[in-house]
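A quick write-up on the structure given underneath.
A note on names: the letters A, B, ... follow the listed sequences, proteins ahead of strands, and every chain is numbered from 1.
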Amino acid sequence: MKTFNYHSAKDVKEASKLASSNSAFLAGGMTTIPSMKLGLASYKDIIDIKRIKKLSGIKVSGKTVTIGATTKHSEVASSKDIKKAIPSLAALAEGIGDPQVRNRGTIGGSIANNDPAADYPSACIALNATIHTNNRSIDAEKFFRGMFETCLKSTEVIEAIEFSIPEKSSYQKLPNPASRYAIIGVYVAKHKTGINVGVTGAKSCVYNDKDLAGALTKNFSSSAIDGVKISSSEMNSDIHASSDYRANMVKAFAKKAVDAC
Amino acid sequence: MASLVGSRVERKEDKRFLTGKGRYTSDINIANQTYAIFIRSPHARAKIKKIDTSKALKSSGVVDILTGEHIAQDKIGGLIAGWAIRSEDGSEMKCPANPPLAKDSVNFVGDPVAVVFAETLDEARAAAELVKIDYKVLKAVSNLGEAMNSEAIHDGIDKNLCYDWLLGDRQKVKEAFEKADKIIKLDINNNRLIPNAMEPRACVIDYNTASEEITCYTTSQNPHLSRLIMSAFGGVAPENKLRVVAPDVGGGFGSKINLYNEEIVCSWASKKIERPIKWVAERTESFLTDTHGRDHITHAELAVTNDGKFLGFKNETIANLGAYARVFGTVTPTYLFGPCATGVYIMPAAYSNVKAVYTNTAPVDAYRGAGRPEATYTIERIVDKAAMELGMDPIEIRMKNFPTEFPFKQTLVHQIDSGDYVAGLNKAKEMADYDGFAARKKESESKGKLRGIGVTSYFEACGIAPSPVVMMLGCGVGLWESAEVRFNPTGQVTVYTGSHSHGQSHQTTFAQIAADELGVPIENIDVVHGDTDKGTFGMGTYGSRSLTVGGIAIVNACKKIVNKGKRIAAKMLEASPDEVDFKNGEFVVAKSNKKKTIGEVAFASYLPGVRDEVKSPLPEGDEPGLIESSFFDPANFSFPAGSHICEVEIDPETGRVKLDKYTAVDDFGTIVNPLIVEGQVHGGLAQGIGQALYENAEYDDSGQLITASYMDYTMPRADDLPDFNLGFTCTKATTNPLGVKGCGEAGTIAATPTVMNAVINALGGKEISLPATAEKVWKACKEMKKSNAKVA
Ligand SMILES: Cc1cc2nc3c(=O)[nH]c(=O)nc-3n(C[C@H](O)[C@H](O)[C@H](O)COP(=O)(O)OP(=O)(O)OC[C@H]3O[C@@H](n4cnc5c(N)ncnc54)[C@H](O)[C@@H]3O)c2cc1C
């Protein structure tokens with residue numbers, strides 16, 4: 001690991017001020033630290049944001065669930081309020097990595113990193129999330145830009161993620177057997193305003209599958225999905241799953257999600 | 001005193017391992033130590049044109065940088081193959097030189113080229129980045145199937161072929177096949193695995209400038225063997241100036257049998273730079289450079305009669321050696337594989353033909369089971385295929401071909417002393433509720449799932465030893481084991497063993513057998529291992545040999561102690577030695593009912609006299625003290641055997657395989673500690689299941705390892721495994737006084753074919769390659785659906 005300056009920010013303002021294009025915020029460190037150890041990334045400044053109390057916590061109102069950026073996966077997984085309001089979201093958190101990862105990794109870090117195989121981005125898409133930063137509020141559909149790419153500026157700090165509570169929803173995932181990231185993860189959510197199908201793991205970036213959502217809007221049942229054609233042309237392909245398999249699994253897991261709603 | 005052999009004594013090791021107090025190589029620090037970083041080839045195959053260390057040598061904290069040139073100048077020898085194998089045509093195997101630092105060419109990604117020593121690890125790393133190496137990159141040979149048709153990677157080794165070996169009689173097989181009703185054919189792979197010991201390799205070297213002695217602390221399964229090789233072949237130092245210590249070692253599974261480049265280089269360099277050296281592998285280095293396991297392509301044929309009798313068997317295998325032949329590299333796919341390929345069956349004619357080839361991949365060597373898992377996989381898969389093609393039940397076809405009389409002369413080499421294969425399979429059948437499978441299958445089908453059942457019966461030749469036999473077969477050393485038992489004057493016993501423990505719990509098991517032999521409480525017995533300066537000698541731990549060879553050496557040394565004790569007690573009790581009985585730690589003369597405890601006798605042996613009188617308890621000719629040693633070389637291998645049955649449930653929509661039930665019935669002969677044996681079986685099963693469903697080392701066409709981290713290399717995890725249902729049968733080994741057979745590898749050997757047989761059973765006989773990943777299984781399910789639709 002290359003040497004770097006470590007800062008512990010006392011508030012968001014300080015964190016943002018210390019940040020530059022050559023820095024990283026340290027939340028759970030579950031991405032940043034392994035990448036630095038493996039020599040895949042190096043930074044001049046590491047800005048620890050874990051001591052900023054305001055960034056952590058869970059709030060449930062009648063219509064939304066708001067989760068602070070440094071809230072850990074294990075906290076989401078075990079939150080009674082979330083289990084009641086959006087059980088599928090707690091279940092998603094419970095399925096991330098392993099206990100060690102869940103006890104450190106944070107929701108803010110996960111979506112800021114936007115790994116194409118991460119779980120939370122699909123929840124953001126399916127649950128019409130709004131990402132609140134220190135200077136704006138961003139719709140999930142606009143937030144995720146591409147592989148490991150978001151619309152965040154380097155000095156911008158995610159403060160909280162606000163999810164709409166759906167009528168019903170389910171997240172179903174085919175985990176990568178080695179890392180347990182998603183080979184495919186499909187988040188189906190039925191809101192009064194419409195249906196979203198957030199798909200992760202399949203392509204270079206999470207997306208809302210409009211064809212699946214369209215079919216489910218007409219007929220909210222797994223048989224409605226049978227007729228949808230899913231092309232494998234933009235799908236990822238690696239040693240764990242070919243693009244053809246992925247395309248088929250999007251369908252298979254969408255069906256499982258609908259059945260589980 | 002109740003016998004300890006057979007009881008569930010809790011492990012003496014638990015306290016230190018479970019509370020983080022184990023002392024591993026990387027826990028050792030020596031004042032003034034330097035840190036080593038190895039610079040490794042990023043290419044699978046290349047010529048080294050030039051190494052420029054000038055800039056790096058000036059980097060902060062650098063003590064020295066050494067390359068293959070320095071190795072050559074100092075005439076330091078390379079790594080060796082421990083077994084010489086001959087080809088069918090009588091020619092000797094071909095092995096390339098394997099210098100500890102590559103000088104002219106590199107042959108796999110990770111092959112070490114240079115080493116930096118610096119005051120701190122960070123400085124060593126920074127300097128390593130400044131070493132400039134010019135390579136001429138050559139086309140890599142990374143595909144096993146194409147290796148023999150590719151350019152030779154080592155000068156003078158045609159077709160990349162190390163040997164083309166045959167065991168068995170081709171003519172007899174031909175005749176048997178002519179008589180067959182049916183010939184079953186099978187083409188299979190045996191996937192390449194990375195051992196993934198929890199503790200990465202490491203070494204700490206301390207050169208003593210005064211005594212000129214080198215101490216090498218290292219992660220080894222066999223410190224004595226490492227010393228022997230480092231001295232005799234490496235020329236690093238004479239044996240008496242070389243001490244090798246393997247302290248707590250966090251797992252080996254075969255990968256730590258070998259002496260590695262880093263240990264030779266650092267031992268040699270410590271003397272050169274006159275500084276202690278510490279090197280600890282990073283996980284990536286473990287993936288790239290620990291010896292890998294398995295990696296075969298096999299074509300097998302089984303000749304059968306219509307009623308399921310086996311007539312003959314052919315095994316044609318190509319085995320991957322990787323870039324170089326290492327200690328067990330050449331024997332694993334031959335004598336550890338070929339003979340076992342006919343399985344637990346009466347097989348009138350058979351041969352195994354193995355072509356071992358070099359590729360630009362990490363060296364392949366023994367991995368838990370070594371050869372026997374590959375053999376068992378081959379025979380057990382083809383037996384299941386035969387049952388399917390003949391419309392027979394998999395248990396029925398096995399029963400039909402089991403030997404029922406022992407000793408049983410197995411077709412290709414082994415004379416199996418004892419066993420009862422029928423009893424084992426019957427017990428497994430009952431414990432697994434085999435007869436209830438049909439109902440469970442129906443239930444799965446009602447949920448849209450497929451269910452399959454898999455059976456395996458195996459034997460293994462282990463307790464690897466008889467020196468005259470292994471040396472006749474080409475082994476470069478004798479594979480006996482030694483022990484020394486020291487009865488201390490004040491009553492405790494120290495047992496020195498040549499067997500190394502890196503997860504096997506010898507401190508407990510060996511103390512149990514010594515306690516029984518000597519009648520001393522187990523608390524008073526310590527087992528010492530892993531240090532060439534302590535105890536006599538050792539050939540190491542592998543091939544399930546610790547108890548069957550090393551343990552028996554302890555038994556025999558204890559018996560010598562008791563014999564000497566008897567002579568002393570007789571004199572003390574004024575009787576003749578044959579009037580003295582030894583029981584429960586006491587020497588008793590029946591006729592007078594006088595007795596002495598073994599502690600009293602030991603005390604007297606060290607203090608042979610009394611005040612005011614010249615009188616010794618020692619019989620004439622006996623020396624003071626109570627220390628005995630023994631070298632044990634058994635008359636034969638030992639032959640554990642058993643039958644395993646498992647059930648899987650498959651989701652045809654996704655191809656995911658759920659291992660639902662697993663029953664293992666094993667015959668390990670006498671069981672010294674059931675608690676420890678169950679643990680060994682559990683671990684073995686996890687690894688065998690890992691091979692069947694998850695683990696796979698993959699190289700791309702350019703020879704890059706694409707599964708070089710846990711993000712891509714799938715290890716089995718606790719939540720992937722069902723509760724294991726274990727049972728035991730017991731026929732004692734006749735070749736050692738305890739009747740023990742060894743249990744370390746059995747789970748790994750049996751689990752892979754058991755699981756694959758179940759998967760393929762669920763898929764209606766559709767073949768898939770190892771490992772049965774979700775995508776492969778999903779594809780097979782789709783094809784099955786298509787062909788079912790056609791039939792309907
Ligand atoms: C073994 C392993 C398995 C895993 N498995 C899964 C899995 O199955 N599914 C899954 O979804 N994930 C998985 N992860 C990822 C993990 O869940 C973390 O969420 C993820 O690593 C990032 O979160 P973090 O809190 O650790 O972020 P960090 O590593 O601390 O930071 C990551 C990046 O996010 C930025 N960042 C962090 N917080 C903020 C913020 N508040 N505002 C702006 N930028 C910020 C940092 O600057 C940095 O660039 C796994 C990780 C590991 C190591």
Side-chain angles (χ1 to χ4, degrees), chain A residues 1-4 30-31 34-40 42 94-95 97-101 115-118 172-186 201 222 225-226 232 235-259, chain B residues 37 42 60 120-123 125-126 128-129 191 194 196 282-285 287 447-448 651-659 689-690 692-700 704-720 771-782:
Chain A
M1 212 187 292
K2 296 261 167 70
T3 52
F4 55 85
M30 290 291 97
T31 293
S35 347
M36 289 168 76
K37 281 177 81 173
L38 287 168
L40 300 173
S42 65
E94 181 64 35
D98 48 48
Q100 289 85 340
V101 169
D115 188 306
Q172 298 291 326
K173 161 184 182 182
L174 174 66
N176 175 316
S179 71
R180 304 227 167 153
Y181 273 92
I183 284 182
I184 286 293
V186 183
S222 57
I225 288 170
D226 282 329
S232 64
M235 296 274 167
N236 298 330
S237 183
D238 54 39
I239 53 168
H240 298 287
S242 67
S243 51
D244 175 52
Y245 180 61
R246 274 199 167 81
N248 279 279
M249 287 310 106
V250 170
K251 249 168 115 161
F253 281 83
K255 282 166 80 168
K256 282 184 198 296
V258 172
D259 286 340
Chain B
I37 286 284
S60 128
T120 69
L121 195 54
D122 281 341
E123 285 170 324
R125 260 200 208 107
E129 283 180 16
N191 44 335
I194 299 177
N196 278 301
E282 293 180 357
R283 186 53 72 179
T284 311
E285 291 180 292
F287 274 103
K447 294 181 293 180
D651 179 352
E653 297 295 319
T654 65
R656 291 184 82 185
V657 177
K658 178 178 160 229
L659 182 57
I689 292 163
L693 298 177
Y694 308 110
E695 298 186 45
N696 200 37
E698 253 183 82
Y699 284 89
D700 69 10
Q704 293 293 332
L705 181 65
I706 47 182
T707 52
S709 85
Y710 293 123
M711 297 306 274
D712 285 312
Y713 188 91
T714 311
M715 294 296 284
R717 303 194 202 186
D719 65 358
D720 293 320
T773 57
E775 178 165 4
K776 278 191 227 170
V777 173
W778 171 77
K779 273 192 187 138
C781 290
K782 245 181 31 176

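For chain B, the nearby part of A/K256 is the side chain; its heavy atoms alone come within less than 4.5 Å. Residue A/I184: no heavy atom, backbone or side chain, is found under 4.5 Å from chain B. With a 4.5 Å cut-off on non-hydrogen atoms, B/N696 does not touch chain A at all. Neither the backbone nor the side chain of B/S709 comes within less than 4.5 Å of any heavy atom of chain A. Neither the backbone nor the side chain of B/A126 comes within less than 4.5 Å of any heavy atom in chain A. If you measure heavy-atom distances from B/R283 to chain A, you find no contacts under 4.5 Å at all. Within the 4.5 angstrom heavy-atom criterion, atoms from both the backbone and the side chain of B/T654 approach chain A. With a 4.5 Å cut-off on non-hydrogen atoms, B/E698 touches chain A through its side chain but not through its backbone. Only the side chain of A/A252 comes within less than 4.5 Å of a heavy atom of chain B; its backbone N, CA, C and O stay farther away.
A donor-acceptor pair under 3.5 Å is absent between the side-chain atoms of B/D712 and the main chain of B/A708, judged by distance alone. Within the 3.5 Å criterion, the main-chain N or O of A/D98 finds no donor-acceptor partner in the side chain of A/R180. In this structure, the side chain of B/R717 engages the main chain of A/A178 through a donor-acceptor pair within 3.5 Å.
The ring pair (Phe, Tyr, Trp, His ring centres under 6.0 Å) check on B/Y699 picks up nothing, with sequence neighbours excluded. A/S232 meets the side-chain hydrogen bond (donor to acceptor under 3.5 Å, both in side chains) test with no other residue; sequence neighbours excluded.
Interatomic distance, A/I239 CD1 to B/I706 CD1, rounded to the nearest 0.5 Å: 5.0 Å. With rounding to the nearest 0.5 angstrom, the CE atom of B/M711 is 11.0 Å from the CG atom of A/D238.
Ranked by heavy-atom pairs shorter than 4.5 Å toward chain A, the options B/K779, B/K776, B/R656 are led by B/R656. No other option in B/E653, B/E775, B/M715 has as many heavy-atom pairs under 4.5 Å with chain A as B/E775.
Pairing each heavy atom of A/G201 with each of A/N236, the nearest pair is O-ND2, 3.1 Å.
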